[in-house]
Amino acid sequence: MGAAMRRIHMGNALSAFGLGFTVPFLYVYVAQVRGLGSMTAGVVLAVFAVAALVVLPFAGRAIVRRGPLPVLLAALVTAALGALSLGLANSATTVVLSAAALGAGQAVMQPSLATMIVDCSSADTRSRAFATQFFLQNLGLGVGGLIGGHIVDPDRASSFTLLFAIEAAMFLVLVVIMATVRMPHAPRIDGNAPRSKGGSWKELLGNRAMVQLSVLGFVLFFACYGQFESGLSAYGVEAAGISTSALGTAMAANTAMIVVAQFAVLKFVERRKRTRVIAAVGLIWAVAWLAAGYAGLGHGSRTMATAAFVSTYALFGLGEAMLSPTVAPLVADLAPTGMAGQYNSAFALVKQLALAIGPAVGGPMGASLHGPYVMTFLLFSLGITVLALRLGRRLTPVQDQPSLARSRVVAQGGAAAEPMPASA
């Protein structure tokens with residue numbers, strides 16, 4: 001990695017650290033420490049999703065026009081102001097407005113950093129760069145939650161003020177670090193896409209492959225990430241009788257699987273078609289839902305049910321490790337020259353929609369409709385496999401398997417092969 005990429009990865013880790021540092025304690029802070037009640041706390045958590053949905057459509061155009069670095073710096077300053085004001089807020093209005101600023105800033109960081117990774121990587125290094133990003137994000141979330149949990153004290157509001165002040169200071173330090181990044185411009189793996197002039201959403205929606213990838217992305221995030229802390233945990237407690245400690249073990253198993261498997265699966269993924277890898281993830285997650293079904297609907301012992309439930313989270317982690325070097329680089333490779341920022345923002349918007357709808361649908365189902373819940377998301381997982389294979393017919397061979405470009409160069413003594421046109 002060059003100096004720019006090292007700073008970008010530091011930005012990914014620290015932004016994830018900030019998210020894990022404060023967000024898990026927001027409900028307790030608003031509802032109990034500030035005494036604003038559970039209703040206001042629920043509104044604050046919803047504001048994070050709403051703020052992301054509002055700013056992401058504009059963030060893509062800003063990244064295209066201004067570049068990812070200025071947009072990232074503005075997002076960091078906004079998040080710092082939101083975090084600091086949230087730590088000092090003592091009324092419902094100021095808490096909601098502060099949460100909106102923090103949520104908007106954190107939402108814009110994601111496509112900005114992803115676009116910087118695209119600009120600072122090549123076709124050969126992009127998958128590894130995004131895998132490293134995902135690894136550091138999970139590490140940052142875990143470490144942030146661990147440290148934040150030891151700082152806060154529900155009986156002392158000042159401990160929460162300190163927590164948010166540290167987060168704000170971290171974002172400002174990150175502004176200084178990221179301001180030193182010198183952005184190169186990496187070549188695309190497939191140069192046959194026309195250069196964008198207007199950067200319009202109409203042009204993006206006219207890219208059939210990107211539309212199919214967005215639909216696939218929605219199903220991925222809806223069926224997995226949107227269930228982790230809502231439907232699946234409710235299902236585990238209500239249907240399988242999982243204890244809170246076992247639920248924590250399951251979450252830890254998910255993170256541990258990502259940490260262990262991320263770079264172990266990377267070389268395997270890099271040599272395979274991207275859509276085949278995504279299709280395999282759908283099958284792995286189908287097995288995960290079958291394990292969840294056994295945990296809650298089977299007739300085994302409590303120990304077997306707990307083991308099956310923990311394995312569900314671990315299998316989800318394996319799928320996540322396979323997706324991180326696959327989906328994000330594919331979004332970048334589908335973008336016309338200069339449009340990576342808008343494509344990254346559009347995909348981040350799809351992710352936020354899935355994360356907003358997923359808990360709303362899965363939470364009630366997981367708590368009360370146990371059999372239909374498992375069957376529904378088992379079918380969604382199989383749907384991932386079908387959608388991925390259909391997407392493969394829309395991609396060029398190099399877009400689906402970038403390693404083909406390297407093999408062609410070797411075969412032709414250094415002369416790159418002519419890119420194949422995208423299918424209609």
Side-chain angles (χ1 to χ4, degrees), residues 15-56 78-109 141-142 144-168 170-171 221 225-238 244 247-248 251 351-368:
S15 62
F17 175 84
L19 188 64
F21 199 54
T22 57
V23 171
F25 314 107
L26 271 177
Y27 184 89
V28 173
Y29 172 68
V30 176
Q32 300 178 10
V33 177
R34 292 301 182 187
L36 298 176
S38 59
M39 183 67 71
T40 303
V43 170
V44 167
L45 294 175
V47 160
F48 272 83
V50 172
L53 296 178
V54 170
V55 300
L56 282 172
T78 302
L81 293 174
L84 184 60
S85 60
L86 191 58
L88 300 173
N90 53 17
S91 69
T93 301
T94 53
V95 164
V96 170
L97 292 176
S98 301
L102 179 58
Q106 289 180 331
V108 175
M109 289 179 204
L141 286 169
L146 180 64
I147 296 177
H150 284 82
I151 292 178
V152 296
D153 182 352
D155 296 325
R156 292 190 302 113
S158 59
S159 67
F160 286 86
T161 301
L162 175 63
L163 194 75
F164 287 107
I166 292 173
E167 182 182 23
M170 181 197 66
F171 285 136
F221 293 117
Y225 301 91
Q227 303 307 312
F228 270 178
E229 298 175 4
S230 58
L232 190 55
S233 58
Y235 169 83
V237 172
E238 298 294 338
T244 54
L247 187 60
M251 295 293 292
K351 177 180 179 180
Q352 288 297 327
L353 282 170
L355 294 181
I357 298 174
V361 174
M365 287 186 68
S368 57

Legend entry - Residues in side chain to side chain donor-acceptor pair (under 3.5 Å) contact with Ser159, at least two apart in sequence or another chain: none

Inset, instruction - For Gln227 and Gly358, indicate whether the former's side chain and the latter's backbone hold a donor-acceptor pair under 3.5 Å. - result: yes

Inset, instruction - State the CE-OH distance between Met365 and Tyr235, to the nearest 0.5 angstrom. - result: 11.5 Å

Legend entry - Distance-minimising heavy-atom pair for Val55 and Ala107: CG2-CB, 4.3 Å

Legend entry - Smallest separation among heavy atoms of Ala356 and Ala49, with atom names: CB-CB, 4.4 Å

Legend entry - Any donor-acceptor N/O pair, Thr78 side chain to Ala101 backbone, under 3.5 Å: no

Legend entry - Euclidean distance, Glu167 CD relative to Leu102 CG, rounded to 0.5 Å: 5.0 Å

Legend entry - Shortest non-hydrogen contact between Met109 and Ala79, atoms and distance: CE-CB, 3.5 Å

Inset, instruction - Return the minimal non-hydrogen interatomic distance between Thr161 and Arg34, and the atom names on each side. - result: OG1-NH2, 3.7 Å

Inset, instruction - Calculate, to the nearest 0.5 Å, the distance between atoms CZ and CG belonging to Phe48 and Leu355 respectively. - result: 14.0 Å

Inset, instruction - State the CG-CG distance between Leu97 and Leu81, to the nearest 0.5 angstrom. - result: 13.0 Å

Inset, instruction - Provide the closest heavy-atom pair for Leu53 versus Gln352 in the form atom of the first, atom of the second, distance. - result: CD2-CB, 3.7 Å

Legend entry - Inter-residue atom distance Leu36.CG - Thr94.OG1, 0.5 Å rounding: 8.0 Å

Inset, instruction - List the atom of Leu86, the atom of Val95, and the distance in Å for their closest heavy-atom pair. - result: CD1-O, 3.6 Å

Inset, instruction - With sequence neighbours left out, write down each residue that passes ring pair (Phe, Tyr, Trp, His ring centres under 6.0 Å) with Phe164, or none if nothing qualifies. - result: Tyr29

Legend entry - Point-to-point distance, once rounded to the nearest 0.5 Å, from CZ of Phe160 to CD of Gln32: 8.5 Å

